[in-house]
Amino acid sequence: MDTSALRSPSGRSLPVGLKGPRGEILVELKRAPQLTAKELARQLGCSLNGIRHHLKELEAEGLVTYERRHQGVGAPVFVYRLSPLAEGLFPRRYEAALLEFLDHLVAHEGREAAVTVLEGHYAALARRLSAELEGAPPARRLEVVTRALADEGYMAESRRQHGDSFATLTEHNCAVQAVAQRFPELCRAEAKFLEAALGAPVDRRAHILGGCGSCEYHVRFDDHKHAEGTV
């Protein structure tokens, strides 16, 4: 069973300034960086000609790029991806102002003070979720945390596997990527928050800062640890 906090095609959070099919195409390419027009048409329930028309418009605006890919005998296929310009349309949580504040803090009080502020963000998020998480089973905890991260701009979605024993939590967007690049301690704080909120150990298998298209955490729920509760 899937638990997804990505908006549905009728109500998902679209990139800034884009609505309708073109925005939906960019969201799909954010989730899966390499898709053909045929794959996009199938996933969005649109005609292939319509998708191709929108892709041409997005390409003309510098929002998508493509590469030719040969797959055995026959004509090559065109695989599309987001351009850096399009990446900038996805949520960024006040990065410039936050970086300015953190740099000021480092200059006057040291890096440790800035890291404490960043860790405090996740501590505050844990407090906000504590009532919903207290005594909740793994599936509910996963749902609450995924929704909270989606609301924070991380385009989060999650998938349960083998009942409630294992799960994958994926963030398709980093809402504070420039901050995380300067302060990688933020990523460690996020992992610590996830372990506490989910009541389970997490293992990050993909990392946006490492060049991946998303951050992916593998979660292994432990009934004993979950029963004790850590949030």
Side-chain angles (χ1 to χ4, degrees), residues 3-7 11-13 16 30 88 90-158 167-210 214-222 225-231:
T3 55
S4 174
L6 281 174
R7 302 288 190 265
R12 74 174 72 186
S13 296
V16 175
K30 182 68 171 170
F90 287 86
R92 294 289 185 265
R93 294 281 171 156
Y94 316 111
E95 281 185 329
L98 181 55
L99 276 174
E100 184 177 351
F101 168 73
L102 292 171
D103 286 340
H104 176 83
L105 202 57
V106 169
H108 289 81
E109 299 184 37
R111 186 181 181 86
E112 229 175 88
V115 172
T116 298
V117 168
L118 293 172
E119 291 174 340
H121 167 73
Y122 284 107
L125 181 58
R127 287 193 296 271
R128 292 203 304 271
L129 300 180
S130 60
E132 288 187 85
L133 294 174
E134 186 175 0
R140 175 59 179 164
R141 295 172 80 89
L142 186 64
E143 178 185 348
V144 169
V145 171
T146 304
R147 187 187 67 239
L149 291 172
D151 291 343
E152 290 280 307
Y154 289 88
M155 289 183 67
E157 63 178 349
S158 54
T168 300
L169 175 61
T170 305
E171 296 170 340
H172 295 282
N173 182 55
C174 182
V176 285
Q177 187 169 341
V179 178
Q181 287 170 338
R182 189 86 62 84
F183 297 90
E185 295 92 341
L186 183 63
C187 299
R188 291 197 290 272
E190 178 182 74
K192 184 178 178 181
F193 157 74
L194 290 175
E195 288 198 339
L198 295 171
V202 301
D203 178 22
R204 186 169 55 220
R205 302 286 181 87
H207 196 193
I208 289 175
L209 293 191
S214 62
C215 288
E216 183 177 287
Y217 292 94
H218 286 212
V219 187
R220 180 167 182 167
F221 287 103
D222 182 293
K225 187 173 182 179
H226 163 70
E228 292 177 349
T230 52
V231 172

**Fill in**
Smallest heavy-atom separation, A167 atom then L142 atom, equals CB-CD2, 3.7 Å
**Prompt:** To the nearest 0.5 Å, how far apart are CG in L198 and OG in S158?
**Reply:** 9.0 Å
**Request:** Could you tell me whether the side chain of F183 reaches within less than 4.5 Å of the side chain of V117, counting heavy atoms only?
**Result:** no
**Prompt:** Out of curiosity, L194 CG to T146 OG1, how far, rounded to the nearest 0.5 Å?
**Reply:** 9.0 Å
**Prompt:** What residues form a salt bridge (Lys or Arg N to Asp or Glu O under 4.0 Å) with E119, not counting sequence neighbours?
**Reply:** none
**Request:** Could you give me the CA-CA distance, side-chain angles and deciding distance for M155 and T170, then say whether side chain to side chain contact (heavy atoms under 4.5 Å, CB included) is met?
**Result:** CA-CA 8 Å; M155 289 183 67; T170 305; over 6 Å; no
**Message:** What I want to find out is whether R182 reaches D103 closely enough, with some N-O distance under 4.0 Å, to be called a salt bridge.
**Reply:** yes
**Closest non-hydrogen atom pair between A175 and G153, with its separation** = CB-O, 3.9 Å
**Item:** NZ/NE/NH1/NH2 to OD/OE distance under 4.0 Å, E195 and K192
**Value:** no
**Asked** Does the side chain of L102 come within less than 4.5 Å of L118's, by heavy atoms?
**Response** yes
**Asked** Sequence neighbours excluded, which residues qualify as salt bridge (Lys or Arg N to Asp or Glu O under 4.0 Å) partners of E185?
**Response** R111
**Prompt:** Between atom CD of E152 and atom NE2 of H121, what is the distance when rounded to the nearest 0.5 Å?
**Reply:** 4.0 Å
**Item:** SG on C187 to CD on Q181, rounded to 0.5 Å
**Value:** 9.5 Å
**Request:** Please round to the nearest 0.5 Å and tell me the distance separating atom OH of Y217 and atom OG1 of T168.
**Result:** 13.0 Å
**Asked** If every non-hydrogen atom of A197 is compared with every non-hydrogen atom of L133, which pair is closest and at what distance?
**Response** O-CD1, 3.7 Å
**Test log, rule side chain to side chain contact (heavy atoms under 4.5 Å, CB included), inputs Y154 and V176** = CA-CA 9 Å; Y154 289 88; V176 285; 3.4 Å; yes
**Asked** Taking all non-hydrogen atoms of both residues, which atom of A189 and which atom of Y122 are closest, and how far apart?
**Response** CB-CD1, 3.8 Å
**Asked** Under the ring-ring contact (aromatic ring centres under 6.0 Å, His included) test, which residues partner H218, sequence neighbours left out?
**Response** none
**Complete:** Note: A196 and R141 closest approach over all heavy atoms is O-NH2, 3.5 Å
**Prompt:** If you look at every heavy atom in R147 and E132, which pair is closest and at what distance?
**Reply:** NH2-OE1, 2.9 Å
**Message:** I'd like to check Q177 versus L209 (side-chain heavy atoms, cut-off strictly below 4.5 Å). Are they in contact?
**Reply:** yes
**Pairwise distance OG(S214) to CD(E171) - rounded to 0.5 angstrom** = 9.0 Å
**Request:** Using the side chain to side chain contact (heavy atoms under 4.5 Å, CB included) rule, take V202 and L169 through it: C-alpha gap first, then chi angles, then the decisive distance, then the call.
**Result:** CA-CA 9 Å; V202 301; L169 175 61; over 6 Å; no
